[in-house]
J.: 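Dropping the structure in here first, questions after.
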Amino acid sequence: MIIADENLEQYWIELLRDKRFEVFSIRDEKPGISDREIAEFVRSRNGCLITEDKDFGELIFSYGVKSLSVILLRYDQPRYSQIEPVLLKFLSDYVTPAENLFVTVTPGRVRVRSI
């Protein structure tokens, strides 16, 4: 399951649902919960968080929050076309990774780090 962070643009949620991905929206279902609560929710659902919030990198790499996968989208808004094909390709190949990953998707590039 893909879990869309509260800050994720609605465009991405609609796109992923249109492409038949199962998407849970924090903004719609659990607004206002903390980043740590989001991390725990992602773990409990064995999901993958998609966010535009760099704070999740800090939670994982500085504060040791583990056992979840995060996809961080970095692009110049509102030019979604910069990373849309890169994100969709990555998700089709790795939507249920065997290991926990921190993935940064930028225009034309995907950086994957094991956590």
Side-chain angles (χ1 to χ4, degrees):
M1 169 188 293
I2 295 172
I3 298 165
D5 192 12
E6 194 166 8
N7 73 346
L8 192 69
E9 295 284 336
Q10 188 64 30
Y11 173 86
W12 298 113
I13 295 168
E14 292 172 11
L15 172 73
L16 295 173
R17 286 178 176 159
D18 286 348
K19 299 293 184 183
R20 305 288 185 240
F21 288 98
E22 180 183 3
V23 180
F24 180 95
S25 170
I26 295 290
R27 179 176 44 246
D28 294 341
E29 304 295 331
K30 293 183 168 286
I33 65 173
S34 71
D35 288 351
R36 286 188 183 270
E37 290 171 311
I38 291 170
E40 185 55 41
F41 181 77
V42 171
R43 283 193 293 245
S44 73
R45 296 289 179 104
N46 197 25
C48 178
L49 177 68
I50 296 185
T51 186
E52 295 179 38
D53 184 352
K54 293 181 276 186
D55 290 346
F56 281 96
E58 185 176 347
L59 273 177
I60 290 168
F61 298 111
S62 296
Y63 293 104
V65 173
K66 304 284 186 208
S67 302
L68 74 150
S69 290
V70 175
I71 298 174
L72 173 64
L73 302 183
R74 302 208 51 198
Y75 60 101
D76 296 326
Q77 293 181 344
R79 295 182 56 200
Y80 306 117
S81 63
Q82 290 181 323
I83 63 170
E84 183 178 316
V86 178
L87 174 64
L88 291 174
K89 168 98 174 85
F90 177 80
L91 286 174
S92 337
D93 295 343
Y94 301 101
V95 73
T96 54
E99 61 181 313
N100 297 306
L101 304 173
F102 189 88
V103 180
T104 305
V105 179
T106 59
R109 183 170 178 220
V110 175
R111 186 177 74 191
V112 180
R113 296 171 66 182
S114 293
I115 53 175

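In what follows, residues are counted from 1 in the order of the sequence shown.
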J.: Hey, are Ser34 and Glu37 close enough side-chain-wise for a donor-acceptor pair under 3.5 Å?
T.: yes
J.: Are the ring centres of Tyr75 and Trp12 closer than 6.0 Å?
T.: yes
J.: For the residue pair Phe102 and Phe61, categorise the inter-ring angle as parallel (less than 30°), tilted (30 to 60°) or perpendicular (more than 60°).
T.: perpendicular
J.: Give a yes or no on whether Asp28 atom CG has more than 12 heavy-atom contacts from other residues, nucleotides or ligands under 6.0 Å away.
T.: yes
J.: Take Leu87 and Ile71 through the test side-chain contact (heavy atoms from CB on, under 4.5 Å) and record every step on the way to the result.
T.: CA-CA 9 Å; Leu87 174 64; Ile71 298 174; 4.1 Å; yes
J.: Taking the side chain from Ser69 and the backbone from Leu101, do they hold a donor-acceptor pair closer than 3.5 Å?
T.: yes
J.: Would the distance check show the side chain of Arg43 and the main-chain N or O of Lys66 forming a donor-acceptor pair, the cut-off being under 3.5 Å?
T.: yes
J.: Let me see the working for Leu15 and Glu84 under side-chain contact (heavy atoms from CB on, under 4.5 Å), right down to the final yes or no.
T.: CA-CA 9 Å; Leu15 172 73; Glu84 183 178 316; 3.6 Å; yes
J.: What I'd like to find out is whether the side chain of Asp53 reaches to under 4.5 Å of the side chain of Leu8, using heavy atoms alone.
T.: no
J.: Counting only heavy atoms not in Tyr11 (residues, nucleotides, ligands), do more than 12 fall under 6.0 Å from its OH?
T.: yes
J.: Quick check: does any side chain N or O of Glu52 sit under 3.5 Å from a backbone N or O of Glu9, one acting as donor and the other as acceptor?
T.: yes
J.: Could you tell me if the side chain of Thr51 sits less than 4.5 Å from the side chain of Val70, heavy atoms only?
T.: yes
J.: Within a strict 4.5 Å, meaning less than it, do heavy atoms of the Val42 and Cys48 side chains meet?
T.: no
J.: If I compare all heavy atoms of Ala39 with all of Val65, which pair ends up nearest, and what's the gap?
T.: CB-CG1, 4.0 Å
J.: Given side chains that start at C-beta, do those of Thr106 and Arg109 come closer than 4.5 Å, heavy atoms only?
T.: yes
J.: Going from CZ on Arg45 to CZ on Phe24, what distance comes out if it is rounded to the nearest 0.5 angstrom?
T.: 5.5 Å
J.: CG of Asp5 to CG of Leu72: how many Å apart, nearest 0.5 Å?
T.: 10.0 Å
J.: Quick one: are Ile2 and Glu22 in side-chain contact, heavy atoms under 4.5 Å?
T.: no
J.: List in chain and number order the residues that pass ring pair (Phe, Tyr, Trp, His ring centres under 6.0 Å) with Phe56, two or more places apart in sequence or in another chain; answer none if no residue qualifies.
T.: none
J.: State, yes or no, whether a side-chain contact exists between Ile50 and Ile3 at a heavy-atom distance under 4.5 Å.
T.: no
J.: For a 4.5 angstrom cut-off between non-hydrogen side-chain atoms, does Phe21 reach Arg17?
T.: no
J.: Of the non-hydrogen atoms in Pro85 and Ser81, which two are nearest, and what is the gap between them?
T.: CD-O, 3.6 Å
J.: Is there a side-chain contact (heavy atoms from CB on, under 4.5 Å) between Phe90 and Val112 once you walk through the steps?
T.: CA-CA 10 Å; Phe90 177 80; Val112 180; 3.9 Å; yes
J.: Quick one: closest heavy-atom pair of Glu6 and Ile26, and the distance?
T.: N-CB, 3.8 Å
J.: Mark yes or no for whether Arg74, through its side chain, and Val105, through its backbone, hold a donor-acceptor pair below 3.5 Å.
T.: no
J.: How long is the straight-line distance from NZ of Lys54 back to CG of Asn7, given to the nearest 0.5 Å?
T.: 11.5 Å
J.: On a heavy-atom basis, which atom in Val23 and which in Ala4 lie closest, and how many Å separate them?
T.: CG1-CB, 4.0 Å
J.: How long is the gap from CZ on Arg113 to CD1 on Ile60, to the nearest 0.5 Å?
T.: 9.5 Å
J.: Any heavy-atom pair between the side chains of Ile38 and Lys30 that's under 4.5 Å?
T.: no
J.: Check the pair Leu88, Leu16 against side-chain contact (heavy atoms from CB on, under 4.5 Å), reporting the backbone distance first and the verdict last.
T.: CA-CA 8 Å; Leu88 291 174; Leu16 295 173; 4.0 Å; yes
